[in-house]
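We use all heavy atoms of the structure for the numbers below, so side chains are in, but hydrogens, waters and symmetry mates are not. Note on naming: letters A, B, ... go to the chains in the order of the sequence lines (proteins, then strands), and numbering restarts at 1 for each one.
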Amino acid sequence: MRSITLSQAVNEAIAEEMRRDPTVIILGEDVAEAGTPFKVLSGLVEEFGTDRVIDTPISEPGFTGIAVGAAMTGLRPIVDLMFGDFLYLVMDQLCNQAAKTHYMSGGKLTVPMVLRTNLGATRRSAAQHSQSLHALVAHIPGLKVAMPSSAYEAKGLMKTAIRDNNPVVIFEDKLMYQDKAPVPEEEFLIPFGEAKVHQAGDDITLIATSSMVQVAQAAARLLAAQNISAEVIDPRTIAPLDCSTLIESVKKTSRAIVIDEGHQQYGVTAEIASVIAHDAFYYLDAPVHRMGAMDVPVPFSPVLEDLTVPTPDRVVEQAKKLMRGVREHVA
Amino acid sequence: MRSITLSQAVNEAIAEEMRRDPTVIILGEDVAEAGTPFKVLSGLVEEFGTDRVIDTPISEPGFTGIAVGAAMTGLRPIVDLMFGDFLYLVMDQLCNQAAKTHYMSGGKLTVPMVLRTNLGATRRSAAQHSQSLHALVAHIPGLKVAMPSSAYEAKGLMKTAIRDNNPVVIFEDKLMYQDKAPVPEEEFLIPFGEAKVHQAGDDITLIATSSMVQVAQAAARLLAAQNISAEVIDPRTIAPLDCSTLIESVKKTSRAIVIDEGHQQYGVTAEIASVIAHDAFYYLDAPVHRMGAMDVPVPFSPVLEDLTVPTPDRVVEQAKKLMRGVREHVA
Amino acid sequence: MASNQREQWLRMYEQMVKIRQFEFQANQLYLDAKMPGLTHMYSGQEAVAVGICDALEKTDSITSTHRGHGHCVAKGAEFKAMFCELLGKAEGYCRGKGGSMHIADQDNGNLGANAIVGGSAGIATGAALTAKILGTDSVTVCFFGDGAMGQGLLYEVMNMAALWHLPVIYACENNHYGEYTKTEEMAAGELKARGEAFGIEAFEVDGQNVLAVNNLTQTLVERSRKGEGPFLMVLDTYRYHGHHVGDINRTYYRSKEEEAHWRDERDPIDNFEAHMIAKKGATKKELKEIRARVEQEAKAAVEYALQADYPPLDEVDSHVFAA
Amino acid sequence: MASNQREQWLRMYEQMVKIRQFEFQANQLYLDAKMPGLTHMYSGQEAVAVGICDALEKTDSITSTHRGHGHCVAKGAEFKAMFCELLGKAEGYCRGKGGSMHIADQDNGNLGANAIVGGSAGIATGAALTAKILGTDSVTVCFFGDGAMGQGLLYEVMNMAALWHLPVIYACENNHYGEYTKTEEMAAGELKARGEAFGIEAFEVDGQNVLAVNNLTQTLVERSRKGEGPFLMVLDTYRYHGHHVGDINRTYYRSKEEEAHWRDERDPIDNFEAHMIAKKGATKKELKEIRARVEQEAKAAVEYALQADYPPLDEVDSHVFAA
Ligand SMILES: Cc1ncc(C[n+]2csc(CCOP(=O)(O)OP(=O)(O)O)c2C)c(N)n1
Ligand SMILES: Cc1ncc(C[n+]2csc(CCOP(=O)(O)OP(=O)(O)O)c2C)c(N)n1
Ligand SMILES: [Mg+2]
Ligand SMILES: [Mg+2]
């Protein structure tokens, strides 16, 4: 199978859906000729024209609101939010409007829109361009939240997102845009709410999202070298969350680490860990361990920034503690 | 001891601090002559004048931003956000600016501001005026989050918030404004990060925030009648969170329910439950149970709205399941 | 007088009367403690909603506000489903899930009331974008209050509407107050200039004169269909009640004299009635019959809504997501 | 020529040269792969920062942007601590935690660069509120780009500044692009009108002419101290480099001819140099010496910063909260 970059995968997914459905449009800053600063959308304006690939002013709340209205009236807008850190600016339009419209109208109005944005630190971009804010939107009923961990997932989840009749927020890892992975040429979609077992294992379950799937996979390789067999699971969408796949895995392995690049406090690791600790309670041999990003604004200085995100080594260290299962090592 | 309403308690706290410190000001919609729609600030403009109790246009992002700048340069602004649902509008100024300024400046700039707002459903105010969004801000490093559960806490926490040198978000339960509680006439402050054990108990720990403390207390009374002794704990601030008081309690009781009026998914119950499930792992006789608000936008219709929030009866039901500790009853 | 003009006048008159009557009954429900929550009365502003909506087709859209009953009626909604919604009943426009502040009536092009001040400005502009991209010739009117001029979102979307020549009309109902504060204390400069600064042609009009409102709107709608939009209208008007039904003692922010002046001198229904009679567009008797009929309809709808069923409890978690 | 004017001219010249030199070195660090991340060059816009900041006292404040090195230098910052910050070193203004996009220098009144476009408009306005309430006579200048005119926040705070007569000057550096898009494609209407619509007196000025900028600012600062603010200045200017140091191939959004025109005809340093010499404010030799000295200082500061220590690792979780 051919390999393409995550960036190309997103581009292909959008292009295919735009060919298939003339109501799909793109709104955002520098999405047209520039193809976004990350160049993910290059070529789309050439194919679909400036009527469907629309450069906006630097007005995130405004163009998100416009997308909500467009979605309510017959279009399927894709909002391009240049950095995930700008989510704070669009929270009202996304959470008070898009997320609630279908419910508040008793099922009459729908808001089929996609907000694509990114996450991820260690790019030396400092505190306002490095956040991973997916927990914020996952908290809000009415929003779906997808987190591709490779080019393959990026393509399949994006296509599903565009066809979904609800507002979907999709987070790409900005450090992964140039990473290649095998992606079929034939059309495929990835259903929401189905976790993927990247690697089967018996001793411990590593649940990881987005950027952290690679970290978990690297950790699993290191653990294998020490005869610890790790199962690596990627929820792929955190809302809806495929609880049963996670729980079945932990029932088998009896140990789990949840790894996510959002802040740890009140973050995604908390939800997933508490679901497992509840539903797999009688099967656990050790506490479910959480590894989120440090609870600090992302520092600019490289030496500090690198400390804030989970690494394979630190996952291995924790996994070994849990395997020992000795009380004092855990707390 | 005299009893006063939660509304009076907040008013007193602010008035005392404004007398004590001329740099304390209030910014918000209809805070002056109208004393806010909930009348919480009545009388303050008469004492402190319109220079310090400032009516703003309906510009939440704008006046929150102004408060950040004022706080950086020598004032201690209290931002009045009429409904907690409007937090979405101010997230950028609160989370990208206020929360990060001290860190990003390497400790040089400080942002001593308070954002007071509210939470709580069942007021027939529908989906955009009923949310309890404290989990969103608790996720962000650099913010402190206080959640008073009575007039006493409201006064003590507000005074501490105003004197704190960091941005503090304080959520009042809008249904509790007229509830009275004993509040000393003498000055007192309530330190952040110290949970309060409202009631000691042996069999199960009920951890509840804000509006849910009354629910937990009512449940505890019902449980007592059935010979189940519940300990009721109120974290009072969820950031910082007093983990050790919670954990010590659960180590003693071996069972816990976490009750909070925010949405359950990716909400406050997840953080608290996962902390307990981790740190009290070897002491638990049953899974930690979470009871948040339903994961639906708040419906207007009274018959539906009442279903969305935890009630004493439902807490009792869960507590009894956990006491039985039988596997099939728990999941 | 041409019969189609007479027809239009009577239609607009009836619509204004319907709004006034709807609000009277809604307020009564509140006073009788039969209404869950609070609600914001549109009484006094009828000429705005009616003058504008009468210039629209059913396929044109509007977005509305927390003070939205008038827009809803004017765009063609029925009393029964409206009262059911206000009481949280299953036959309401939103199955009781939205309530007064979120009432929507998609079939008639009402994209919904909104409880976030200014919150529908993006939605209206987006609806206009749809019209442009799909090449329909429908126009969207965005209703909002003078207070909403405080929300930055409005300027962001006005700018885009102007850049992209969208068929949207921003209708600012300047009723001189946002809650308990006068507009002058909330808005520096001139409201009209706030459209113009973003390249939008703007107009001021007497919002108590339904014909003036209607005439201007007709022109702007026609021009919008030709791609000459967007436009801003600032409509001078007044709300008779408090900010919401519970706002009874309000002399601290506005005088009884001022209220009386607007009710006595500038009432949009009374003045239109006098005008119609003077111009022989209608007789006193005809108009009286309309009022009586509307009152009967409203009362019947209230009775119906009071008896109607609440939604089944299992609807609490339906409609979170569309299929 | 009065000696204090000569002094001021030389001071402004030196400050402009310092900025140009700082950016030259910063770009070099990027090209040599010694700079973590990306950075946005201020080169070409020097007359704006210098003309404005020279009219301010140390106790006056500014807020800055992602393109903020120029403002920082102009408000009095030192090369060493600036380069240290850009390299993430402990001796940086923010202990390396902020970096280029968050550099702040409180002692000189620089409340900080900001990586959110328009994000400091509230902060600047708040600083002006402090001045008004505490009765200091300090003035705040809010720097922002033409692209930031897209952010609604700006209009919200301009409105409040106007209502409350705050001593704040909004300085819009119109360099004709926001990233890769021309201002005309992002902004309908006239930029100046966007202040006026909110009751703010607004001015356009040639941002390449340091004397014009300085004169206007002096007047506005003085008037602001008297309570006659706020004001809006729209400054016509140009950035020589790409949007950031990595934006090299940019002919798809602006022509080489256009770039050459600005560099060759409208360079703020060259033109001021010619002006000073013509007016006998300085000799060619003097100016050459200044440039040479500044270059030496910059090089030394870069060397220093390259050798300087990173912050200790345990600082990663300090400064989350103030004591
Ligand atoms: C974003 C937001 N801020 C504040 C409120 C509270 N609020 C509801 S209506 C209102 C006043 C609105 O004034 P205006 O836009 O003039 O409309 P009017 O009530 O006069 O019709 C306010 C402040 C709100 N609902 N949404
Ligand atoms: C809220 C926000 N949106 C988008 C960006 C990405 N971005 C950074 S700079 C920039 C262009 C800003 O243009 P302008 O304000 O004219 O400043 P200039 O770069 O021309 O100095 C953009 C879109 C951002 N940092 N913040
Ligand atoms: Mg009004
Ligand atoms: Mg620019």
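- Ranked by heavy-atom pairs under 4.5 Å with chain B, the list D:Ile103, D:Asn114, D:Asn159, D:Thr63 is led by D:Asn114.
- Of the atoms belonging to B:Asn165, heavy atoms from both backbone and side chain fall under 4.5 Å from chain D.
- With a threshold of 4.5 angstrom between heavy atoms, B:Ile58 does not approach chain D through any atom at all.
- At a 4.5 Å heavy-atom cutoff, D:Val168 makes no contact with chain B through either its backbone or its side chain.
- Note that OG1 of B:Thr110 and CZ of D:Phe321 are 13.5 Å apart. Values are rounded to the nearest 0.5 Å.
- Expressed to the nearest 0.5 Å, how far SG of D:Cys94 lies from NE2 of B:His102 amounts to 11.5 Å.
- The closest side-chain heavy-atom distance from B:Pro57 to D:Met160 is below 4.5 Å.
- Only the side chain of D:Leu134 comes within less than 4.5 Å of a heavy atom in chain B; its backbone stays farther off.
- Put simply, OG on B:Ser105 and CG on D:Leu111 are 10.5 Å apart, with the number rounded to the nearest 0.5 Å.
- For D:Glu156 against B:Pro61, the heavy-atom pair with the smallest separation is OE1-CD, 3.2 Å.
- Between chain D and the options B:Lys144, B:Glu60, B:Arg52, the largest number of non-hydrogen pairs under 4.5 Å is found for B:Lys144.
- Around CD of B:Glu187, the count of heavy atoms belonging to other residues, nucleotides or ligands within 6.0 Å exceeds 12.
- Within the 4.5 angstrom heavy-atom criterion, no atom of D:Asp107 approaches chain B.
- The candidate with the highest count of non-hydrogen atom pairs below 4.5 Å against chain B, out of D:Met101, D:Gln106, D:Arg95, is D:Gln106.
- For B:Glu12, the CD atom is densely surrounded, since the number of other residues' heavy atoms within 6.0 Å is greater than 12.
- For the pair B:Lys108 and D:Tyr93, the NZ or CZ position fails the cation-pi test of under 6.0 Å to the six-membered ring centre and within 45 degrees of the ring normal.
- You'll find the side chain of B:Asp92 stays beyond 4.5 Å of the side chain of D:Leu153, heavy atoms only.
- For chain B, the nearby part of D:Leu163 is the side chain; its heavy atoms alone come within less than 4.5 Å.
- Residue D:Ala323 touches chain B through its backbone alone, counting heavy-atom pairs closer than 4.5 Å.
- When each of D:Asp105, D:Val157, D:Ile116 is checked for heavy-atom pairs under 4.5 Å with chain B, D:Ile116 comes out on top.
- B:Thr56 touches chain D through backbone and side chain together, each having a heavy atom under 4.5 Å away.
- If you measure heavy-atom distances from B:Lys100 to chain D, you find no contacts under 4.5 Å at all.
- If you measure heavy-atom distances from D:Thr140 to chain B, you find no contacts under 4.5 Å at all.
- For the pair B:Tyr103 (side chain) and D:Asp317 (backbone), a donor-acceptor distance under 3.5 Å is absent.
- In the displayed structure, D:Lys34 atom NZ is contacted under 6.0 Å by at most 12 heavy atoms of other residues, nucleotides or ligands.
- Neither the backbone nor the side chain of D:Glu85 has a heavy atom closer than 4.5 Å to any heavy atom of chain B.
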For this session: Take B:Ile54 and D:Ile133, measure what side-chain contact (heavy atoms from CB on, under 4.5 Å) needs, and give me the verdict at the end.
Result: CA-CA 11 Å; B:Ile54 305 174; D:Ile133 290 185; 4.0 Å; yes

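- Nearest heavy-atom pair, D:Trp164 versus B:Asp55, reported as atom, atom and distance to 0.1 Å: CZ2-O, 3.6 Å.
- More than 12 heavy-atom neighbours from other residues, nucleotides or ligands sit within 6.0 angstrom of NZ on B:Lys159.
- Between D:Ile123 and B:Leu109 there is no side-chain heavy-atom pair separated by less than 4.5 Å.
- Using a 4.5 Å cut-off between heavy atoms, D:Ala127 touches chain B through backbone and side chain atoms alike.
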Exercise. Given D:Thr130 and B:Met72, is the side-chain contact (heavy atoms from CB on, under 4.5 Å) satisfied, shown in steps?
Worked result: CA-CA 9 Å; D:Thr130 299; B:Met72 283 165 66; over 6 Å; no

